[in-house]
Amino acid sequence: MANSGATAPAQAGTATDTQSNPVKELTIRGIIIGGVITLIFTAANVYLGLKVGLTFATSIPAAVISMAVLRAWKDHTVQENNIVQTIASAAGTLSAIIFVLPGLVIIGWWNGFPYWTTVAVCAVGGILGVMYSIPLRRALVTNSDLPYPEGVAAAEVLKVGDSHQASEENTRGLKIIAAGGISAAVMNLLVAMKVIAGEVSTVFRVGPGATMLGSSLSLALIGIGHLIGITVGIAMIVGLLLSYGFFLPFYTSGKLNEAGANIQDVVGGTFSTDVRFIGAGVMAIAAVWTLIKVMGPIFKGMKESMEASRKRQAGIAVAREEQDIPVNILGGTILALLIPVGALIYMFLRETHLEGHTGKLVTISVVYVLVIGLFVAAVCGYMAGLIGSSNSPISGVGILIVIIGALLILAVHGKSTSEGETNALIAYTLFTAAVVFGVATISNDNLQDLKTGQLCTEPQFLDSVILSDGG
């Protein structure tokens with residue numbers, strides 16, 4: 001397991017400082033608290049995602065709640081807080097699987113969500129996401145200058161919460177955090193009660209075409225805007241101006257003159273079918289470029305990890321933050337996880353129009369998950385480092401995953417020969433993409449949490465926190 005400090009526990013005889021001064025980190029109470037927070041946030045995220053197509057990152061609110069709960073114990077530590085926050089933050093990402101799996105219901109392939117099948121897809125994809133994020137840690141976190149705005153913010157929250165010194169600065173920070181949380185909660189309550197609007201939007205003509213403008217009034221998104229900073233904010237504004245100021249008016253040009261055309265339907269439909277896919281194409285090129293940029297650091301990080309592993313095997317003391325899961329165990333785990341991937345695809349294809357092509361399609365899926373999984377893990381991790389997981393375009397990544405999968409299947413399998421086979425291929429593509437989407441969501445969150453863990457284990461960070469044992 002790659003914990004939020006991104007390292008495995010120190011082995012006996014290799015880190016005497018840890019042995020002589022043990023620190024509470026992975027505890028039963030921490031796991032229970034993290035699990036409870038995860039259940040609550042997952043339910044909220046699934047509801048919100050299905051209702052408005054938007055999920056929220058739970059890393060920072062989970063850190064706030066963890067901080068508040070664990071302060072009830074005098075022997076709590078910042079590392080234990082970090083573990084709780086890491087467990088709970090998974091709710092904000094893996095729940096985004098709702099952007100893919102409901103497609104099987106929409107096309108009529110499923111009448112509901114098979115519980116154990118859904119659990120298996122999330123579990124396999126999630127564990128693969130964790131495994132893929134381990135070799136990416138050194139490239140995208142340790143040896144990277146990415147800002148990780150939300151990861152840094154979560155670390156600061158944990159710093160405030162774990163300090164046993166009632167300093168004026170920490171008290172003021174805690175009050176600010178509490179005030180922000182209460183303000184956001186009151187705002188959401190007023191929106192739910194329909195006392196105030198949760199968003200404002202309008203549609204209007206621009207020459208022969210039309211466009212729309214809208215804004216969410218969510219305080220959470222305003223807070224994220226503050227965290228990501230001016231540089232990323234400008235980049236997002238440029239994308240907004242291109243999408244709504246040029247592409248949308250261009251593609252709606254002439255459509256408004258058609259009989260029975262409703263301006264709102266035309267603009268909304270055009271955005272979904274044309275402009276959104278332009279964004280997906282931009283993301284695809286950016287993803288390839290990002291992967292090219294990080295390949296060198298990835299290989300360098302894997303080399304450093306193997307060197308640290310050899311030192312540990314030789315009995316040489318290695319700092320905890322330099323200890324990764326050994327490469328042979330990491331690679332073996334990834335390959336072993338491909339077995340349940342193949343089994344899931346095999347069971348999915350049974351008694352369908354594609355049953356005669358089971359062997360070929362299972363092979364395609366396994367290779368696709370193995371290769372594209374690493375690709376999207378690197379891209380999503382980079383996005384989390386650049387703009388935070390709240391702003392990471394996970395739904396856009398999902399579109400990209402489905403498109404690549406569909407093109408691969410078309411190239412290998414060819415066109416379908418019947419309507420039943422077409423529906424089966426669509427369902428198979430969505431199901432395979434769901435596994436990769438699990439990789440994308442967890443790697444997006446895990447690398448951000450690894451940044452938080454890195455900050456929480458830095459000496460200057462720990463020096464500012466007075467632990468209960470006086471360390």
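Small disclaimer: the values here were computed from a predicted structure and weren't measured.
- Contact check for L344 versus F431: side-chain heavy atoms found under the 4.5 Å cut-off.
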Contacts table for residues 111-124: side-chain donor-acceptor under 3.5 angstrom, sequence neighbours left out:
from, atom 1, to, atom 2, distance (Å)
T118, OG1, P114, O, 2.8

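- Note that CG of L136 and CG of L374 are 6.0 Å apart. Values are rounded to the nearest 0.5 Å.
- Residues L101 and A434 come closest through the heavy atom pair CD2-CB, 3.7 Å.
- Here T202 contributes atom OG1 and Q264 contributes atom CD; the two are 8.5 Å apart, rounded to the nearest 0.5 Å.
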Evaluate side chain to side chain contact (heavy atoms under 4.5 Å, CB included) for L213 paired with F204, printing each intermediate quantity in order. CA-CA 8 Å; L213 287 178; F204 56 92; 3.9 Å; yes
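- Here the CD1-CZ distance, from I98 to F437, works out to 9.0 Å after rounding to the nearest 0.5 Å.
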Worked check of side chain to side chain contact (heavy atoms under 4.5 Å, CB included) between M187 and I196: CA-CA 8 Å; M187 181 73 176; I196 59 176; 3.4 Å; yes
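- T211 places no side-chain N or O within donor-acceptor distance of the main-chain N or O of V206, the cut-off being under 3.5 Å.
- Contact record, V402 with T429: O-CG2, 3.8 Å, taken as the closest heavy-atom pair.
- Remark: the backbone N or O of P249 is not paired with any side-chain donor or acceptor of S253 at under 3.5 angstrom.
- The distance from the CG atom of L330 to the CD1 atom of I134 is 5.0 Å, given to the nearest 0.5 Å.
- Looking at heavy atoms from C-beta onward, L337 lies in side-chain contact with T333 at the 4.5 angstrom threshold.
- Among all heavy-atom pairs drawn from S272 and F277, the shortest one is O-CE1, 3.5 Å.
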Does the pair K255 and D274 meet the rule for a salt bridge (charged side-chain N to carboxylate O under 4.0 Å, His left out), with working shown? CA-CA 13 Å; K255 293 183 179 180; D274 294 318; 3.8 Å; yes
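- Distance CG/N82 to CG/D449: 7.0 Å, rounded to 0.5 Å.
- Taking all atoms of both residues into account, the shortest heavy-atom contact from A88 to I37 is CB-CG2, 3.5 Å.
- Put simply, the side chain of N423 does not reach to within 4.5 Å of the side chain of I107, judged on heavy atoms.
- Taking 4.5 Å as the limit, some side-chain heavy atom of L338 sits within range of a side-chain heavy atom of L335.
- No donor-acceptor pair closer than 3.5 Å links the side chain of T270 to the backbone N or O of V267.
- A side-chain contact (heavy atoms from CB on, under 4.5 Å) with V436 is found for one member of V371, L128, V376, T441 and no other, namely V376.
- Within the 4.5 Å cutoff, the side chain of M193 has heavy atoms near those of the L189 side chain.
- Centroid-to-centroid, the aromatic rings of Y244 and F271 come within less than 6.0 Å.
- W110 and F348 have perpendicular rings, their planes meeting at more than 60° on a 0 to 90° scale where under 30° would count as parallel.
- Of all heavy-atom pairs spanning I334 and M131, the tightest one is CG1-CB, 3.7 Å.
- Annotation: side chain to side chain donor-acceptor pair (under 3.5 Å) contacts of T432 (sequence neighbours excluded): S365.
- Among residues two or more places apart in sequence or in another chain, the ring pair (Phe, Tyr, Trp, His ring centres under 6.0 Å) test is passed with Y132 by none.
- You'll find the side chain of I364 reaches within 4.5 Å of the side chain of L361, heavy atoms only.
- The OG1 atom of T363 sits 11.0 Å away from atom CD1 of I345, with the distance rounded to the nearest 0.5 Å.
- A donor-acceptor pair under 3.5 Å links the side-chain atoms of T452 to the main chain of G151, judged by distance alone.
- Side-chain contact between T273 and Y251 is absent, with no heavy atoms from C-beta onward closer than 4.5 Å.
- Annotation for L430 and V100: closest pair O-CG1, 3.4 Å, computed over non-hydrogen atoms.
- Between the S243 side chain and the L240 main chain, no donor and acceptor come within less than 3.5 Å of each other.
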